[in-house]
There are 2 protein chains.
Amino acid sequence: MPDRTNERKKRVTIVDVAKAAGVALSSASAALNNRPGVSNETRKRIAAKAEELGYAPSLRGRSLSSKRTFSVGLVIQRDIDVLESDPFFGSFITGIEEVISHRDYALVLQISKNEEETLERYRKLSLDGRVDGVFLNELRINDERAELIKELDLPAVAINSADSLKLPNVRQDASVPFRQLTELLIEQGHTRIGHVSGPREFLHSFVREHAWEETLKQHCLPIGPIFTGDFTYEGGKKAAFALMRDKNRPTAVVCSNDLMAVGFIQGCKDLGMRVPQDVSVTGYDGIALSTYIRPTLVTAKTNPRHLAREAAEMLMQIVDGGQPQNRTIPPATIVYGNSVGKAPRAENNF
Amino acid sequence: MPDRTNERKKRVTIVDVAKAAGVALSSASAALNNRPGVSNETRKRIAAKAEELGYAPSLRGRSLSSKRTFSVGLVIQRDIDVLESDPFFGSFITGIEEVISHRDYALVLQISKNEEETLERYRKLSLDGRVDGVFLNELRINDERAELIKELDLPAVAINSADSLKLPNVRQDASVPFRQLTELLIEQGHTRIGHVSGPREFLHSFVREHAWEETLKQHCLPIGPIFTGDFTYEGGKKAAFALMRDKNRPTAVVCSNDLMAVGFIQGCKDLGMRVPQDVSVTGYDGIALSTYIRPTLVTAKTNPRHLAREAAEMLMQIVDGGQPQNRTIPPATIVYGNSVGKAPRAENNF
DNA sequence: TAATAAAGCCGAAACGTTTCGGTTTAACAA
DNA sequence: TTGTTAAACCGAAACGTTTCGGCTTTATTA
């Protein structure tokens, strides 16, 4: 009598399928993967047996043999407090999933606290052979990840990278909407237009700041005061305190993202100013929060999900051995909230 | 002359290490995994050689052989619009990472649109052998996942499950803070206290609603009007329109989460009511947004990160063959914002 | 009809580990 | 000295695929 206590369901392997169909293992493999070299008739028979036995290919066996993992990696470098109020990754991940899940790929997600750890994570993902490729975002000027992935020979797609980094890239240009936002303020009569930027080392901070600056130059306006923020609400608030207590304070401020804009507005309110009567504010991202607050924010709505879809498609192509061209998606579109108004005529003291 | 064009860096395997150290493959394996059966001397020699050759064990080989993947899975069932403004998963994932990364585990993250797809994802994660275990959250009454993971024999840890589902569980009890919030309103003289709940099928909706109801009963107060929301901002706004246009409207409302509370407050404002003078509002979660709005929200701050850490530790134990006890973390603590005030003395008409 | 090509199929190796039973060596007790 | 035991070490199998060279069979061409 067999001992049933320790009986474990044995996995149905491709060997079982091959035996059941009366063919060689290699034929079963070819048939099930739709590769040539097996007649239609036997192909069907094998497929039928596989179905009948409930065969599900083992990812483990497959990846050892094929040297592929059918996974892609994303490392998010974020302070937890920031991550909580950052809607970017939710939609970015959704976009990735939309593409890769159809190809039976999965996403490995990691979170890191600083640049050093981020590099370590990417390195380990590659050395462990955990992923076939990775996404890179929030690139820095001279981002070390660029050379790392070359050193590791790791397929990668970057988001809003710079050409100089020579990475496969998908871009949603920010300079167009930042120009539009700045010109929107100019049209309203503002002449002293400040900027709350992100940390200087980020490429995207730079692009945004640059677009703001160039637009002012082209309109022969002074380059208003600038505050280097950190993309957080608190940072935006600090910016308000730093920029708006000055006699010569700007009458309008272009913020590098929505969260800082919201913080900036709150900071202005705390200082006793009204938005948009005393000061106009714009953001960038188009997060939900920008419609929850009053005044609602004038901003530009980006599309992380679309960005992610394109990036994922590119990565899939690279993993398949292709060399896809860089892609571009349409720029963010302006969202007309209530945080922008006419330039105040005279200066009030607060 | 060797052809260098197609030369690929060959991976350093444990066989190379064994050869270099002059031992059998099996000894090298034992040594590198700190298993007994190898002398200290040779252990050192093997480790040295491994270091020297830059040996990194192949996860692929390891997982095929050991039948482990060193990955855990999480399926997030969320509409993308909701996901964007949901800070829960950011911190939840952070908590998971904090525990599993030290054990060289990685997180596989998937997103699904509906219940059916969610089940499919969990099933596939298991059948593919992609993960060693999974997390389950936002459980429903009679959640189908419970039997699925039993059928699949898949290690799992649930978040705020019900005992009836018989899942390893980690809980942060919501009834305590909901009682406290309700009593806070009662202390302020409110006698008509409504509730904006989450969808009825969720266990956590039920717990929150129940705590509110029981507290009212114990204080011999009428069970105020209830609106079944959907945990979104828009849902909260709708709730305000539904509940607050009535003559006999409540003077205070306990919302099942912050996002609905924020929407509710905006809805009240749109109706011309002041918070907290005309109506008091409470939330639950303690998201950053609750401090960005005015009035700031009276709420209770939950700790998804802590929850996740405990859950991840439990899952690691289960994966190691243990049978851990259910865990509980301290309940959310009340955050005193400005959205609660004394009950208005007379009824105003709007 | 014989030579050739192509399609269909097979067997075996390879991927890089873990695991397990067996053999050798060393240490110790009788 | 000899027998016993445990520790150290080894060899081979197993995990479940993919891949590749070679063998049959059938179809095609001269």
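Sequence lines set the chain letters: A, B, ... in the order given, protein chains first and strands last, and positions in each chain run from 1.
Counting non-hydrogen atoms under 4.0 angstrom, B:A56 reaches the backbone sugars and phosphates but no base. When heavy atoms are screened at a 4.0 angstrom cut-off, A:A31 is found touching no nucleic acid atom at all. Residue B:G22 is classed as a sugar-phosphate contact, given heavy-atom separations below 4.0 Å to backbone atoms only. Within the 4.0 angstrom heavy-atom criterion, only backbone atoms of the sugar-phosphate kind lie near A:T13; the bases stay farther away.
D:dT19 atom P lies 14 Å from atom CG of A:L32, rounded to whole Å. Look at CZ on A:R60: it is 13 Å from C1' on C:dT18, rounded to the nearest Å. Here C:dG16 presents its P atom at 14 Å from CG of A:L127, a figure rounded to the nearest Å. If you take CG of A:L64 and P of D:dG16, they are 12 Å apart, rounded to a whole angstrom. One can place CZ of B:R11 at 18 Å from P of C:dA14, the figure rounded to the nearest angstrom. Atom CG in B:L25 sits roughly 16 Å away from atom C1' in D:dA8 (whole-Å rounding).
Checking the phosphate oxygens (OP1, OP2) of C:dG16, no side-chain nitrogen or oxygen of B:R62 falls inside 4.0 Å. Between C:dT18 and B:S66, no contact under 4.0 Å exists linking OP1 or OP2 to a side-chain N or O. OP1 or OP2 of D:dC10 sits under 4.0 Å from a side-chain N or O of B:S27.
Under the 4.0 Å criterion applied to side-chain N and carboxylate O atoms, A:E120 and A:K124 are not assigned as salt-bridge partners. One finds a salt bridge joining A:R68 and A:D320 here, because a Lys/Arg side-chain nitrogen approaches an Asp/Glu carboxylate oxygen to under 4.0 Å. Using a 4.0 Å cut-off between charged nitrogen and carboxylate oxygen, B:E151 and B:R145 do not count as a salt-bridge pair. Between A:E117 and A:R121, at least one side-chain N (NZ, or NE/NH1/NH2) sits under 4.0 Å from a carboxylate O, which counts as a salt bridge. Taking the charged nitrogens against the carboxylate oxygens, A:E52 and A:K49 do have a contact shorter than 4.0 Å, which makes a salt bridge.
In this model, no donor atom of one side chain and acceptor atom of the other lie less than 3.5 Å apart for B:S91 and B:T94. For A:R130 and B:S71, the side-chain atoms include at least one donor-acceptor pair closer than 3.5 Å. Side chains of A:S29 and A:S26: a donor-acceptor N/O pair is absent below 3.5 angstrom, by distance only.
Judged by closest nucleotide on DNA chain D, B:S26 is the one of B:S26 and B:K67 placed further toward the 5' end. Between B:A30 and B:L59, the one whose closest nucleotide on DNA chain C sits nearer the 5' end is B:L59. Of the two residues contacting DNA chain D, namely B:S65 and B:A24, the nearest-nucleotide position lying further toward the 5' end is that of B:A24.
When the ring pair (Phe, Tyr, Trp, His ring centres under 6.0 Å) test is applied to B:F88, the partners found at least two apart in sequence or on another chain are B:F92.
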N/O-N/O pairs, protein side and nucleotides 21-26 of chain D side, under 3.5 Å:
none

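A heavy atom closer than 4.0 Å to some atom of DNA chain C occurs in A:G37, A:V38, A:S39, A:T42, these being the qualifying members of residues 33-51 of chain A.
Of the residues listed (B:L136, B:L203, B:I141), the one engaging B:L165 in a side-chain contact (heavy atoms from CB on, under 4.5 Å) is B:L203, and it is the only one.
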